[in-house]
Amino acid sequence: MAVIGILAVQGDFDAHSKAVGAVGERWKLVKKPSDLDGVSGLILPGGESTTFLKHLEEEGLAEPIRQFARTKPVFGTCAGAILLAETVENPAQPSLGLMQITVRRNAYGRQLSSSIRTLTAEPELSEIGPEAGTPMEAVLIRAPVITAAGAQVRTLARLQGDPALVRQGFLLAGTFHPELTTDTRVHRYFCQIAAQVGKSSSVSPAEHK
Ligand code: GLN
């Protein structure tokens, strides 16, 4: 059975652990590099990406996470998606640079920035689970927007036309907070990817679609 690691240096890791538990998967908190041992997929939660960067540096976690992502799935939500992006704007800042996406931070303005909106899910996502076909609610909290995506990136859900959930191989990034609603589709989807990759660990990342 897959064990999902949840980066727990900052942000809403607690809500993610509940969401992973709700889809019946095991999880463990990741606070230092050795916590990645035995983990089959890693969630980078929302929070504040600049603070995450500081903690990743302090704990020596950035490079181990980069290495982890070469062979195992990583799912970044909101600040986590910012960490995964190759290019970060507003303002520019460093990142793990793992996905071919450009994100603009705090794209929905300062105060009017937290809201619940409805996502348009692509069929690949809506086929999962009992909520299939129903609209998916997206909680946005000072959310980034994905402004560009490379050829290897597929869009799984959109928000007002912009990509809101994207996948590149076995890496997943969402601009919203699926851990804050009762809709478990996105976590179930990620856990499924982790289970598949775990079974076929000889397959290279590029071959995972
Ligand atoms: N605005 C935050 C950042 O730029 C992200 C907000 C979130 O994760 N909810 O890092």
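Numbering starts at 1 and runs along the sequence shown. As the structure lists them, so they are numbered: ligands from 1, and atoms in each ligand from 1. Source: prediction; values computed, not measured.
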*Are E48 and R105 within salt-bridge range, i.e. N to O under 4.0 Å?*
yes
*Contacts of D35 that satisfy side chain to side chain donor-acceptor pair (under 3.5 Å) - sequence neighbours left out*: K32
Show every donor-acceptor pair shorter than 3.5 Å between a side-chain atom in residues 74-85 and any protein atom, with sequence neighbours excluded, or say none if there are none.
unit_1: T77; atom_1: OG1; unit_2: H16; atom_2: NE2; d: 3.2
unit_1: T77; atom_1: OG1; unit_2: G46; atom_2: N; d: 3.3

*Can you establish whether the number of heavy atoms outside E57 located under 6.0 Å from its atom CD is more than 12?*
no
*asked:* Using a 4.0 Å cut-off on heavy atoms, what residues surround ligand 1? Order them by chain and number.
replied: G46, G47, E48, S49, C78, A79, I82, R105, N106, I141, R142, H177
Anything under 3.5 Å between a donor and an acceptor, one on a side chain of residues 158-166, the other on a protein residue two or more places apart or in another chain? List them.
unit_1: R158; atom_1: NH1; unit_2: G161; atom_2: O; d: 2.8
unit_1: Q160; atom_1: OE1; unit_2: R117; atom_2: NH1; d: 3.2

*Decide if atom NZ of K31 counts as having more than 12 heavy atoms of other residues, nucleotides or ligands within a radius under 6.0 Å.*
no
